[in-house]
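Count residues from 1 along the sequence.
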Amino acid sequence: MEGKNKRLAVLVGCNYYNTPNELHGCINDVLAMRDTLVKRFEFEAANIEVLTDAPGSSSALPTGANIKLALARMVDAAKAGDVLYFHYSGHGTRIPSKKRGHPFRQEEAIVPCDFNLITDLDFRQLVNRLPSGASLTILSDSCHSGGLIDKEKEQIGPSSVISKSEAPKNYTYTPKTLPFESILQHLSSLTKINTTDIGTHLLESFGEEASLRFRLPLPDPELSTPLRADNGVLLSGCQPDETSADMRPNEVNAKAYGAFSNAVQMVLTENPGMISNREVVILARKLLQSQGFQQHPCLYCSDENANATFLWQS
């Protein structure tokens with residue numbers, strides 16, 4: 001990853017303004033990361049695409065189709081040695097899995113502003129399309145974000161030792177999750193179709209723009225493909241069965257933020273030199289625990305990339 005290779009980023013913040021699902025810190029999260037990418041990690045501002053649902057924003061709305069288009073453009077523009085980064089702050093969810101033999105398993109997804117879910121399979125396909133030698137780091141500050149790249153190797157995850165702590169005080173806390181039932185109810189109200197199969201509603205609403213998870217007949221070999229090293233790196237805000245926090249400090253004029261995004265910013269500030277992906281997640285875990293948050297960031301990637309410097313800082 002040495003030399004003057006391109007550094008490309010897509011940053012997505014969804015606050016879901018004026019809806020029952022409104023969050024407050026997600027746009028602040030990605031704007032703070034944009035500044036960090038430019039000032040510390042040598043990203044050019046012109047190579048950073050920001051999608052938010054801020055009222056009056058000139059950027060494209062973070063719909064499912066727009067997010068996937070932005071990610072596809074980034075991957076299509078990549079060459080060997082390029083560093084790609086996707087930061088998502090917003091709601092996450094879990095959907096029932098249709099994998100044979102795993103009737104109670106669930107799949108992870110993020111929830112764009114139009115509810116056109118982007119699933120773990122979409123991110124797996126994105127990583128599979130990377131040119132040899134390019135990397136894609138995903139930081140997802142959303143609920144149930146552990147495992148958001150399908151079949152990526154767990155380095156720090158649910159099997160890691162965790163401990164309970166007291167909830168933080170002087171904050172208004174909102175979990176960044178939309179339950180499957182809420183998403184199903186919303187989509188059913190749009191399609192008027194009487195079925196609990198969420199894929200039917202998504203295909204009816206979004207057609208070919210719906211997730212690959214619902215559009216492709218997945219053969220059994222695809223479902224049982226063994227893990228293999230690749231250049232996908234996922235830093236998730238929490239474990240697959242946990243929620244991530246959207247925090248509103250009670251002080252006047254204090255900015256809202258995502259707990260994990262803020263923890264990563266603090267870790268980077270306190271460690272101005274090179275820091276590995278593993279160290280970022282371990283230190284963010286410790287920081288969130290000390291602050292009283294009930295979430296445990298995870299790391300999914302190859303063994304080699306676990307110890308590589310975050311965003312290949314030189």
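Asp303 and Gln155 are linked by a side-chain donor-acceptor pair at a separation below 3.5 angstrom, with hydrogens and angles left out of the test. A donor-acceptor contact closer than 3.5 angstrom is absent between the side chains of Glu107 and Thr119. Side-chain N/O atoms of Asn15 and Thr52 include no donor and acceptor closer than 3.5 Å. For the residue pair Thr174/His24, the side-chain donor-acceptor check at 3.5 Å is not satisfied. Counted by atom type alone, Asn305 and Asn231 present one or more donor-acceptor pairs between their side chains at under 3.5 Å. Under the 3.5 Å distance criterion, with hydrogens and angles disregarded, a donor-acceptor pair is assigned to the side chains of Ser261 and Asp141.
Asn307 places no side-chain N or O within 3.5 Å of a backbone atom of Glu304 that could act as its donor or acceptor partner. The backbone N or O of Asp120 sits nowhere less than 3.5 Å from a side-chain atom of Asp150 that would complete a donor-acceptor pair. Formation of a donor-acceptor pair under 3.5 Å by the His144 side chain with backbone atoms of Pro240 is found in this model. Put simply, the side chain of Asp82 gets close to the backbone of Lys6: a donor and an acceptor are under 3.5 Å apart. A distance-only check finds no donor-acceptor pair linking the side chain of Ser142 to the backbone of Ser145 [under 3.5 Å].
Using a 30° and 60° split on the angle between ring planes, Tyr85 and Phe310 fall in the perpendicular class, above 60°.
To the nearest 0.5 Å, the span separating SG on Cys26 from NE2 on His87 amounts to 9.0 Å.
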Check against side chain to side chain contact (heavy atoms under 4.5 Å, CB included), Tyr257 and Arg248: CA-CA 7 Å; Tyr257 57 85; Arg248 296 178 65 191; over 6 Å; no
Using the side chain to side chain contact (heavy atoms under 4.5 Å, CB included) rule, take Leu130 and Asp230 through it: C-alpha gap first, then chi angles, then the decisive distance, then the call. CA-CA 9 Å; Leu130 285 173; Asp230 58 41; over 6 Å; no
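Here Ser188 pairs with His201 under the side chain to side chain donor-acceptor pair (under 3.5 Å) rule; sequence neighbours left out.
For Ala9 against Phe43, the heavy-atom pair with the smallest separation is CB-CE2, 3.9 Å. Nearest approach of Cys14 to Val12, heavy atoms of both residues: SG-CG1, 4.0 Å. Annotation for Gly157 and Cys298: closest pair CA-SG, 3.7 Å, computed over non-hydrogen atoms. Considering every non-hydrogen atom in both Gly147 and Leu234, the closest pair reads N-CD2, 3.7 Å. Annotation for Met274 and Gln313: closest pair SD-O, 3.4 Å, computed over non-hydrogen atoms.
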